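What you are looking at is a predicted structure, and each value in this text was computed from that prediction instead of being measured.
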Protein chains: 2
Amino acid sequence: MAVTIKDVARETNLAISTISKYMNGGNVRGKNRKLIEEAVQRLGYRPNNAARGLRSSRSFLVGLILDGLDNQFFSPIASQITERLNEQGYHVIVCCHRDSIKKARKSVDFMLENQVDGMILLPLSSDEDYLESARINRVPVVTLDRLEMPDFDMVGSNAAVGSYNAVEYLIQQGHRKIAVLSGTDKKTGGLKAGQERLKGYKRALEDYMIPLKEEYIASGDFSFSSGYEGMKRIWQLKDRPTAIFISNYNMTLGAVTLLHNLGIAIPEELSLVSFDDLEFSELCQPNLTAVRQPAEEIAKESVDLLLKRMQGDYTNFPEYRKLPAKLFIRDSVRAISRNAETAT
Amino acid sequence: MAVTIKDVARETNLAISTISKYMNGGNVRGKNRKLIEEAVQRLGYRPNNAARGLRSSRSFLVGLILDGLDNQFFSPIASQITERLNEQGYHVIVCCHRDSIKKARKSVDFMLENQVDGMILLPLSSDEDYLESARINRVPVVTLDRLEMPDFDMVGSNAAVGSYNAVEYLIQQGHRKIAVLSGTDKKTGGLKAGQERLKGYKRALEDYMIPLKEEYIASGDFSFSSGYEGMKRIWQLKDRPTAIFISNYNMTLGAVTLLHNLGIAIPEELSLVSFDDLEFSELCQPNLTAVRQPAEEIAKESVDLLLKRMQGDYTNFPEYRKLPAKLFIRDSVRAISRNAETAT
DNA sequence: ATGAAAGCGCTAACAT
DNA sequence: ATGTTAGCGCTTTCAT
């Protein structure tokens, strides 16, 4: 980057502070304004953001730390966060932690070294303290989904309620034997998401006075294969359920693949509702009834909250914004008459 | 960011320059090294990258400009680019241009303002000159896929050859009536990808001396709906094809949805090969035979090439690296005996 | 091996 | 409205 504010000053015979003023929207005499604009254009001058930040101690940089960018649920969120922030004049630095504490810690340090004005972070599944240096440096951090951390704002979806609604819907359609593929395997560690979703399932049963059957709970780790295996285990049960609630997208993919392989008809032989409503939901035959997490709202709210904090507004800190997850009813649930079911 | 190199100097009673030297891996007396390490740890000191770059004119920042992050094909590439670059000590700033010239130009300027050492860019479908300022500022740029631009390096996949292989495979399985859903609609503008893929189709037919039938070419714009509509048009033909080659993922999704809706059996009634091999390929019943673009290699090569340029090595500039796209054979193509077909 | 000092490009007082 | 100047945090000569 060769051309600096000095060059523009020289070209126009004005002081650098005048150029600076102009570049920051200050008042400049009409004649000079033209002069400057012309020179900026001709030289291709762009102010050096690093130098600017050095002085003003604002970088207009925001750090975004995720598991990875290759995730059906989070990549649209990342995209929207980036675009929204750009609209507000902020730029985004991304890092992927891949659920590794070492990488997470490193990512946070990266961000700090680059003087980010704030960070949006998808927490690890385990809750180690990789945010220590962010706390020390008093950089605002908004965490996404997952767990509530005592010292940080959070924006996520209300998984417990979303799951509750899904299971309630099954009950309303006459189902009583409802299994669940949960995401509460040891492997998922502290992943709050899995526990919240199971909680919704349990509460719905409780509220409708349906006794909980341990054998109807298959705990997986949110992976395709754990959905496949969990579904297999459930289907082998002597007393098969008439419906199943699946706790996330990949497990749904696994479960549906198994059902297809076994030639089991949805919803004739088994009704199904999934948590997460992504691409496959409307591609699958039949289209899947699913709980959709409010991705767009999560992106919007997390940006808004971060913006607020970056402006120094710390009212209600820490905030935990839980946005409603909505049930989309399609064709994977069969209505069964209560009598028919009771008769079995 | 409160704590600076000064604080460390004061704490240790050493000169600023000594701390700087240590931070950059220079030699320091054992006793002092301990002193510094201890102070850095205690104060949570992290060097200010902006200040560093101001002096050294290297920011260790790389700009990544894409259409968006919410794309099944590009988001894994973005992820890998980011992770690879991080491993090399570079950080990534992302912007999304959404195929808008205005946004693209702004993104490029953003990057320049942030003093990026280099950029990786997915070009727009039209080829306006939004890279002018990058050229002026002599910042290395590697473009992804799409079109070759005279002054910039490019890394992509060899779409023509991939498509050729797909169609050749259909021919080898005995098909002669082969339709194509191309991505060559006016709406796609200069999108080279669509043209390349159609080229592969035409060449395969030519090499096997199968006459080209214009009515077998449905041109779409790479969208779900254009796949859906294109497939519909093809299926309404009096002389239906026995196989179809579809030029991208979303169009495949659209086409398969139509086939499902109409109850048309794959591959019994229609054989299908798609360009792009993403999630749905192995979820669909039957699993789809598809051409997979070498996403991982594209990410790797583009980073390697950019690294090379950032080190000042401009040998073979501009380079156009076209990586092979590979055919994955699954269950969506039926082998038909030549005789049977000829007899029809 | 360590220290002193200049200066990277810019903004923010302050003076004019 | 414009110019002068100090200094942000760091690296880099150049001394010592």
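Side chains of Gln88(A) and Phe60(A) form no contact here, defined as non-hydrogen atoms less than 4.5 Å apart. The shortest distance between side-chain heavy atoms of Leu306(A) and Pro140(A) falls below 4.5 Å.
For the side-chain contact (heavy atoms from CB on, under 4.5 Å) test with Arg309(B), the passing option among Asp304(B), Val139(B), Asp153(B) is Asp153(B); the others fail. The only option from Ile93(A), Leu85(A), Val92(A) that meets the side-chain contact (heavy atoms from CB on, under 4.5 Å) definition with Leu61(A) turns out to be Ile93(A).
Between the side chain of Ser17(A) and the base of dT4(D) there is at least one donor-acceptor pair of N/O atoms closer than 3.5 Å. Donor-acceptor pairing under 3.5 Å, judged by distance alone, is present between the side chain of Arg55(A) and the base of dG7(D).
For Asn24(A) and dA12(C), the CG to P distance is 7 Å, given to the nearest whole Å. In this structure, Asn49(B) places its CG atom 15 Å from P of dG9(D), rounding to the nearest Å. Following rounding to the nearest Å, Ile16(B) (CD1) and dT13(D) (P) show an atom-to-atom distance of 17 Å. Arg58(B) places its CZ atom 19 Å from the C1' atom of dG9(C), with the value rounded to the nearest Å. For the pair Asn114(A) CG and dC10(D) C1', the interatomic distance rounds to 14 Å; values are reported in whole Å. With rounding to whole Å, Lys21(A) atom NZ is found 13 Å from dT11(C) atom C1'. Note: CG (Asn13(B)) to C1' (dA1(C)) measures 16 Å, nearest angstrom. As a whole-Å value, the separation of Leu35(B) CG from dG3(C) C1' is 16 Å.
Between Thr18(B) and dG3(C) there is a side-chain N or O to OP1 or OP2 distance below 4.0 Å. Contact between the side-chain N/O atoms of Tyr22(A) and the OP1/OP2 oxygens of dG3(D) is not found at any separation under 4.0 Å. Phosphate contact (OP1/OP2 of dA1(D), side-chain N/O of Arg29(A), threshold under 4.0 Å): absent. The shortest distance between the side-chain N/O atoms of Lys6(A) and the OP1/OP2 oxygens of dC10(C) is not below 4.0 Å. Of the side-chain N and O atoms in Asn48(B), none sit less than 4.0 angstrom from OP1 or OP2 of dC10(D).
Between Glu296(A) and Lys300(A) there is no salt bridge, since none of the side-chain N atoms of the basic residue sits less than 4.0 Å from a carboxylate O of the acidic one.
Nucleotides of DNA chain C nearest to Leu14(B) and Ser56(B) differ in position, and the one nearer the 5' end is that of Leu14(B).
Here the side chain of Pro47(B) is nearest to one of dG3(C), dC10(D), dC8(C), namely dC10(D).
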